[in-house]
Amino acid sequence: MKKFATWNVNSLAVRLPQLLDWLAAHPVDALVLQETKLTDDKFPTMEIGEAGYQVQWFGQKTYNGVALISRERAENVVKNIPGLPDEQARVIAGTVGGVRVIGGYFPNGQAPGSDKFAYKMNWLNGLRRWLADELKAHEQLVLMGDFNIAPDDRDVYDPVAWAGQIHCTAEEREHFQQLLNLGLSDAFRIFDQAPKSWSWWDYRNLAFRKNQGLRIDHILVSEALKRRVTACEIDKQPRRNERPSDHAPVIVTLQD
DNA sequence: ATGGCTCAGGTTCTGAGA
């Protein structure tokens, strides 16, 4: 059995104790992190190493930042999207135990029509082009992270209020569909899931208590990997911590 | 009570997140 997971920790400096607790309770084969918000010199390699994990990291000051934590050492590590010049640290990829693991912190996009939305669209185009190549090179591939896209109205607590808003625009959903069209499957939707399953809840307005959230953190698997998937779940428990991240981890389980 | 946030950087506030 293998487990892969993704978690937007919203500052690894703040969340490191929670990360170490989570890893102890959930011994995954690979975990990708988003929004570490650390420059590379401040990355807590020693603490993660002492927990029994290898780690690759790619950060910047204040914003963004990603990492790939794994039991086995990740090979052929790539940072950001080849062919897409980008000042922001958003992607880390590596091969772990024969599986290509790609972790992404997709741009937020702020609002349709904004410069940040245009950046998001350009980034998604670059990602799709690169992924087409990666899928040719790696039959077993998982793309996971904070996509900042709610693929369907089922993934939104109030689809009417969010219609056309950021994360829910037709353009973003079309990009998500194009990733699926490359031969990827949304692991969460392989299985029957409880309605109102979210991976993110706003810090404001008691959103978690009221279960008002979005499902924007995803695990996409290639055809070869899909055949091995036995479960996919969102772990809400860390959202109940004191000083939680606003995102919950998502975990996929595969048979050997 | 019908409101209600949390980060980093830096400094008593701003920008960003989603």
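Here is the naming used below: chain letters follow the sequence lines, and residue numbers restart at 1 for every chain. Since the structure is predicted, the reported quantities are computational estimates derived from the model, not experimental observations.
- Across the protein-nucleic acid pair, A/Leu206 atom CG and B/dG3 atom C1' stand 9 Å apart, rounded to whole Å.
- A salt bridge links A/Arg189 with A/Asp155: the closest approach of a Lys/Arg side-chain nitrogen to an acidic carboxylate oxygen falls below 4.0 angstrom.
- Taking side-chain N and O atoms only, A/Arg204 has no distance below 4.0 Å to OP1 or OP2 of B/dA18.
- Residue A/His247 has a polar side-chain atom (N or O) positioned under 4.0 Å from OP1 or OP2 of B/dA18.
- With rounding to whole Å, A/Ile166 atom CD1 is found 10 Å from B/dG17 atom P.
- Checked for salt-bridge contact, A/Arg215 and A/Asp186 meet the test: a charged N lies under 4.0 Å from a carboxylate O.
- Between the CG atom of A/Leu214 and the P atom of B/dG17 there is a distance of 15 Å, rounded to whole Å.
- Per the geometry, NZ belonging to A/Lys210 stands 11 Å off P belonging to B/dG4, to the nearest Å.
- Rounded to whole Å, the separation between the C1' atoms of B/dA18 and B/dC7 comes to 13 Å.
- For the side chain to side chain contact (heavy atoms under 4.5 Å, CB included) criterion with A/Val32, the lone passing option out of A/Asn8, A/Val101, A/Ile219 is A/Val101.
- As rounded to the nearest Å, B/dT11 and B/dG15 have P atoms that lie 14 Å from one another.
- With rounding to whole Å, A/Phe147 atom CZ is found 16 Å from B/dA18 atom C1'.
- Residues A/Asp146 and A/Arg90 are not paired through a salt bridge, judged by the lack of any N-O separation under 4.0 Å between the basic side chain and the carboxylate.
- Distances shown here put a side-chain N or O of A/Tyr105 below 4.0 Å from the OP1 or OP2 atom of B/dA18.
- Rounded to an integer number of Å, the gap from A/Asp246 CG to B/dT6 P is 10 Å.
- In terms of modelled atom types and a separation under 3.5 Å, the side chain of A/Thr95 and the main chain of A/Asn76 share no donor-acceptor contact.
- If you check every strand for non-hydrogen atoms under 4.0 Å, A/Asn64 touches nothing.
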Protein-to-nucleotide contact annotation, 5' to 3' order, nucleotides 8-16 of chain B [B base; S sugar-phosphate only; - none; under 4.0 Å, heavy atom]:
SS------S
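- Interface remark: the A/Asn108 side chain does form a donor-acceptor pair with the B/dA18 base, using a distance-only criterion of under 3.5 Å.
- Ring pair A/Trp7/A/Trp22 is tilted by interplanar angle, where 30° to 60° counts as tilted.
- Taking the six-membered ring for Trp and the full ring otherwise, A/His218 and A/Phe176 have centroids separated by under 6.0 Å.
- To the nearest whole angstrom, the two P atoms, one in B/dG10 and one in B/dA16, are 15 Å apart.
- In this structure, A/Glu35 reaches the sugar-phosphate backbone alone: every heavy-atom distance under 4.0 Å involves primed, P, OP1 or OP2 atoms, never a base.
- Using a 4.0 Å heavy-atom distance criterion, A/Asp146 is classed as a sugar-phosphate-only contact.
- Using modelled atom types, no side-chain atom of A/Asn64 and backbone atom of A/Ala89 make a donor-acceptor pair closer than 3.5 Å.
- Distance, A/Ile149 CD1 to B/dA18 P: 12 Å, rounded to whole Å.
- Here the P atom of nucleotide B/dA1 and the CZ atom of A/Arg209 are 17 Å apart, to the nearest Å.
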